[in-house]
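To keep things clear, I will list the structure first and then write my remarks on it.
Keep in mind it's a predicted model, so treat the numbers as computed, not measured. Chain identifiers are assigned alphabetically (A, B, ...) following the order of the sequence lines, protein sequences preceding nucleic acid strands; residue numbering begins at 1 within each chain. The basis for the numbers below is simple: all heavy atoms, side chains too, and nothing from hydrogens, waters or symmetry mates.
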There are 2 protein chains.
Amino acid sequence: MIFGNLIDTNQFDLKELLADIQKIKINESLAKHHLLHREGTICNHLFIVEQGMVRSFYYKDGKDITAHFEMENGLITAIDSFFQRKPSRYNIELLEDSVIGFISSADLANLLKEKPHYEKYMRMQIEQIYIDLVDRIENLLFHSAKERYDNLIANQPLLLQRVNLNHIASFLGITQETLSRIRKAP
Amino acid sequence: MIFGNLIDTNQFDLKELLADIQKIKINESLAKHHLLHREGTICNHLFIVEQGMVRSFYYKDGKDITAHFEMENGLITAIDSFFQRKPSRYNIELLEDSVIGFISSADLANLLKEKPHYEKYMRMQIEQIYIDLVDRIENLLFHSAKERYDNLIANQPLLLQRVNLNHIASFLGITQETLSRIRKAP
DNA sequence: TTCCTTTTTTGACAATTGTCAATGGAATTC
DNA sequence: GAATTCCATTGACAATTGTCAAAAAAGGAA
């Protein structure tokens with residue numbers, strides 16, 4: 001998801017929001033493999049990928065499953081934890097050396113309390129995430145592994161150059177072997 | 001999704017919201033097969049199922065695919081349209097004679113304008129929908145057709161008594177034939 | 001470079017699910 | 001209650017994807 005991609009009738013408010021976000025954001029350079037968030041803990045930050053590549057993942061029957069990728073300008077957090085303040089099932093990891101913007105949930109909550117009309121943008125943001133997820137469900141339900149892979153490279157061609165295939169495979173819901181064969185096929 | 005299931009630190013606000021919702025809601029009794037919303041149009045209502053059973057569905061390669069079921073106390077709308085005011089891909093249909101509460105998007109927008117702190121509940125509502133969807137994705141990715149079916153009857157046992165199996169099958173992402181064989185199996 | 005680790009590919013086989021065609025049964029309508 | 005439509009099951013076969021084991025290729029560290 002990307003802040004500022006929102007369509008709004010009130011561009012003033014949106015600009016003001018983005019400026020206010022800048023004020024509470026802290027950037028940090030971090031190395032590949034760094035964990036921004038660890039499962040079982042409550043996630044207290046919204047992360048903005050200023051530079052680099054990040055994924056969220058979790059373990060299912062001992063297997064590492066990628067739930068989501070984000071790169072430049074993307075927003076990411078442990079969505080099951082950040083808003084509801086519950087321990088998360090997700091880990092968030094850097095796949096490259098990256099520059100990450102941290103927004104603490106406390107600062108964001110204060111901002112929303114101070115300016116409740118910003119809730120609207122939070123809602124819109126989540127609506128967008130929701131719509132992306134619906135696409136993903138349809139993709140899983142109605143497309144073969146090959147079609148899902150083709151969709152991915154059509155929509156996110158950069159991903160393949162920057163991310164290991166085992167992560168791509170788990171993201172697509174297939175085994176690494178199947179992905180390998182799909183890529184080989186004519 | 002169900003309004004009023006929200007966890008909140010400020011029960012006063014939530015009660016007030018529910019009362020305000022009551023004021024803008026209009027109930028209507030409608031017969032089985034009635035379409036609450038038709039694809040290609042913009043959905044101007046949030047529907048509350050007071051009594052009965054409702055599904056949203058769409059057509060994929062000519063096949064009727066159920067996206068969602070709602071029964072008593074559930075909220076349903078064309079989620080791709082209601083908030084973003086775009087033509088929807090979904091239809092919403094009554095599977096039984098039902099009593100449906102209509103909340104117009106204009107009335108809701110006015111309410112949110114008048115009391116912007118309600119945006120928070122809209123956001124929470126959508127977060128809940130999001131979390132349900134994530135569950136559904138995981139279910140599709142990591143469970144066999146039989147496991148998905150077993151999960152469904154464990155979580156929504158009433159559904160089977162009230163809904164045709166072809167709708168259940170498309171909701172689970174399998175063919176009717178496969179569902180039939182799963183049900184037969186020991 | 002050379003070694004070591006990680007990532008990717010390949011092969012053989014099994015399990016799951018889909019497709020198409022036909023049949024059986026239940027519910028609805030006239 | 002007979003006819004019609006809708007819904008559900010079954011059979012035979014094909015296609016897709018998974019599993020397990022091994023080999024090859026690529027990438028990093030010393």
Side-chain angles (χ1 to χ4, degrees), chain A residues 31-35 52-53 55 57 59-66 69 91 93-97 136-153 158-186, chain B residues 31-35 53 55 57 59-66 69 91 93-97 136-153 159-186:
Chain A
K32 182 173 176 172
H33 299 307
H34 180 85
L35 268 192
M53 175 70 75
R55 70 168 182 136
F57 68 101
Y59 292 98
K60 186 83 182 183
D61 304 329
K63 281 181 230 161
D64 165 331
I65 308 292
T66 294
F69 297 107
N91 299 278
E93 176 194 53
L94 304 189
L95 297 177
E96 301 174 352
D97 295 348
R136 187 146 173 235
I137 287 195
E138 279 191 29
N139 207 22
L140 290 170
L141 283 175
F142 304 115
H143 296 286
S144 66
K146 170 149 183 52
E147 288 169 324
R148 278 179 267 159
Y149 173 75
D150 290 342
N151 283 345
L152 186 68
I153 58 176
L158 290 175
L159 217 53
L160 284 156
Q161 296 161 28
R162 298 172 70 177
V163 173
N164 287 341
L165 291 180
N166 57 343
H167 295 150
I168 305 267
S170 72
F171 180 70
L172 292 174
I174 57 179
T175 60
Q176 184 162 298
E177 293 94 327
T178 296
L179 178 57
S180 180
R181 289 178 181 120
I182 282 168
R183 283 161 56 81
K184 188 110 197 236
Chain B
K32 182 173 177 172
H33 298 308
H34 179 85
L35 267 193
M53 176 70 75
R55 71 171 183 133
F57 69 100
Y59 292 97
K60 187 81 183 183
D61 304 329
K63 282 182 230 161
D64 165 330
I65 308 291
T66 294
F69 296 107
N91 299 278
E93 174 194 54
L94 304 189
L95 298 177
E96 301 173 354
D97 296 349
R136 187 146 172 232
I137 287 194
E138 279 191 29
N139 207 22
L140 289 171
L141 283 174
F142 304 117
H143 296 286
S144 66
K146 169 148 183 53
E147 288 169 324
R148 278 180 266 158
Y149 173 74
D150 290 342
N151 282 344
L152 185 67
I153 57 175
L159 219 53
L160 284 154
Q161 297 160 28
R162 298 172 69 177
V163 175
N164 287 342
L165 292 178
N166 58 341
H167 296 148
I168 304 268
S170 72
F171 179 70
L172 292 174
I174 56 178
T175 60
Q176 184 163 294
E177 294 94 327
T178 296
L179 179 56
S180 180
R181 288 175 181 122
I182 283 168
R183 283 161 56 82
K184 189 109 196 238

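- Between B/N164 and D/dC6, a side-chain N or O to OP1/OP2 separation shorter than 4.0 Å is absent.
- Annotation: cation-pi geometry not satisfied between A/R148 and A/F171 (NZ/CZ under 6.0 angstrom from ring centroid, within 45° of ring axis).
- B/E177 has its side chain within reach of B/T175: a pair of non-hydrogen atoms, C-beta onward, lies under 4.5 Å apart.
- Among B/L172, B/T178, B/I174, the single residue meeting the side chain to side chain contact (heavy atoms under 4.5 Å, CB included) criterion with B/Y149 is B/L172.
- A donor-acceptor distance shorter than 3.5 angstrom exists from the side chain of A/S170 to the backbone of A/T66, with no hydrogens or angles considered.
- Residues A/R136 and B/L141 come closest through the heavy atom pair NH2-CD1, 3.9 Å.
- Remark: P of C/dT6 and CG of A/N166 are 12 Å apart, rounded to the nearest angstrom.
- In this structure, CZ of A/R162 is placed 17 Å from P of C/dT7, rounded to the nearest angstrom.
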Distances under 3.5 Å between nitrogen or oxygen atoms of protein and nucleotides 15-19 of chain D:
unit_1 : atom_1 : unit_2 : atom_2 : d
D/dT17 : OP1    : A/A145 : N      : 2.7
D/dG18 : OP2    : A/T175 : N      : 3.4
D/dG18 : OP2    : A/T175 : OG1    : 3.4
D/dG18 : OP2    : A/T178 : OG1    : 2.6
D/dT19 : O4     : A/R181 : NH1    : 3.4

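- Side-chain proximity of A/K184 to the nucleotides C/dT9, D/dA8, C/dT10 is greatest for C/dT10.
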Polar atom pairs between nucleotides 24-30 of chain D and protein, under 3.5 Å, N or O only, would you list them?
none

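- Across A/K32, A/H167, A/H33, A/R162, a single residue satisfies side chain to side chain contact (heavy atoms under 4.5 Å, CB included) together with A/L95, and that is A/H167.
- In this structure the side chain of A/R55 reaches within 4.5 angstrom of the side chain of A/D64, judged on heavy atoms.
- The minimum heavy-atom distance between A/E147 and A/F142, with the atom names listed, is OE1-O, 4.0 Å.
- Following rounding to the nearest Å, A/H167 (NE2) and C/dT7 (C1') show an atom-to-atom distance of 10 Å.
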